[in-house]
Protein chains: 2
Amino acid sequence: MTFTQIHSQETIILGFHALSDSIRMEVLNLLRTRELCVCEIKEILNIPQSKLSFHLKTLRETGLVNTRQQGKWTYYSINLSQLVALEQYLSEFRRSIVLLPTRICEH
Amino acid sequence: MTFTQIHSQETIILGFHALSDSIRMEVLNLLRTRELCVCEIKEILNIPQSKLSFHLKTLRETGLVNTRQQGKWTYYSINLSQLVALEQYLSEFRRSIVLLPTRICEH
DNA sequence: TTTTCAAAACAAGAAAATTTGATTTGTACT
DNA sequence: AGTACAAATCAAATTTTCTTGTTTTGAAAA
């Protein structure tokens, strides 16, 4: 790769994987304007607690969300920097593209 | 969602899924500066033809690559517009984020 | 029309991700 | 200590994705 790479390719790939699920996307959408605790997300999405926990773990592990524990509750919020990292990866990748004319395979 | 959505959420999710695999990413990288036919990609990546075909299908179905048939060969190239669509989705999503102070769950 | 080669499609098996229900952990309250 | 609730963890079942080897399709050349 010829362009800046702060995050490893593996980190980027895991990030895109985290974004490739509708439940995880819904969670990120909910967190766009405010932090929420698990029980709130669970009630809004109306899914089992362990299922949500699984997806929250994916989002946590890929750095897309932050967590904050307060008493019994755990609050989740968006981690802007990781989102920006993925955005920049795509942006740099796209800018590195050179559209060349058709060619011939030498086989 | 409060912002522009040209592509359906499902299309976006499938797009991110396509980007969440190292072989598919390597293919996209190879296509950054030129189109290549399947046999060329296969030799560069050194993977079985059917395996490559599977991943190329994913890239095709999600609109990330274009194909051009010439004689016996099929040339693959990057579809810029789909890449831009994913980039814009991330960009708009990120810009829609409002970082608010901590709050309290009303449970 | 037979042969050859590129590449898609297919079917079966393997691996990975997701779902489900149950259990555990941690914190606060009595 | 005992109870209650939030949320993580775990194990088993299910589903989806990926891999492998084989077969089929299509285009060109003999």
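Residue numbers start from 1 in every chain, and the chains themselves are labelled A, B, ... in the order their sequence lines are given, proteins ahead of strands.
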Next on the checklist: Holding to side chain to side chain contact (heavy atoms under 4.5 Å, CB included), I want the full list of residues that pass it with B:Glu43, two or more places apart in sequence or in another chain.
Outcome noted: A:His107
Checklist entry - What residues, two or more places apart in sequence or in another chain, satisfy side chain to side chain contact (heavy atoms under 4.5 Å, CB included) together with B:Thr67? => result B:Arg60, B:Thr74, B:Tyr76
Checklist outcome for this item: Counting primed atoms, P, OP1 and OP2 as sugar-phosphate and everything else as base, the B/S/- map of nucleotides 1-17 of chain C against protein heavy atoms under 4.0 Å is ----BSBBB-------S
Checklist entry - So which residues get pulled into A:Leu14's cluster when ILVMFWY side chains under 4.5 Å apart are joined, directly or through others? => result none
Checklist outcome for this item: Excluding A:Phe54, membership of its hydrophobic cluster (Ile, Leu, Val, Met, Phe, Trp, Tyr; side-chain heavy atoms within less than 4.5 Å) reads none
Next on the checklist: Could you tell me the boundaries of the chain B footprint on DNA chain D, defined by atoms under 4.0 Å from its heavy atoms?
Outcome noted: D:dA6 to D:dA28
Item to check | Contacts of A:His55 that satisfy side chain to side chain donor-acceptor pair (under 3.5 Å) - sequence neighbours left out | outcome: A:Arg24
Checklist outcome for this item: ring-ring contact (aromatic ring centres under 6.0 Å, His included) pairs touching residues 13-49 of chain B, sequence neighbours excluded, are A:Phe16-B:Phe16
Checklist entry - Could you give all pairs that pass the salt bridge (charged side-chain N to carboxylate O under 4.0 Å, His left out) test and reach residues 63-91 of chain A, with sequence neighbours left out? => result A:Glu35-A:Arg68, A:Glu87-B:Arg94
Next on the checklist: Given 3.5 Å as the limit, does a donor-acceptor pair link the side chain of A:Gln69 with the main chain of A:Gly71, or not?
Outcome noted: yes
Checklist entry - Tell me: CZ of A:Arg68 to C1' of C:dT27, nearest whole Å? => result 15 Å
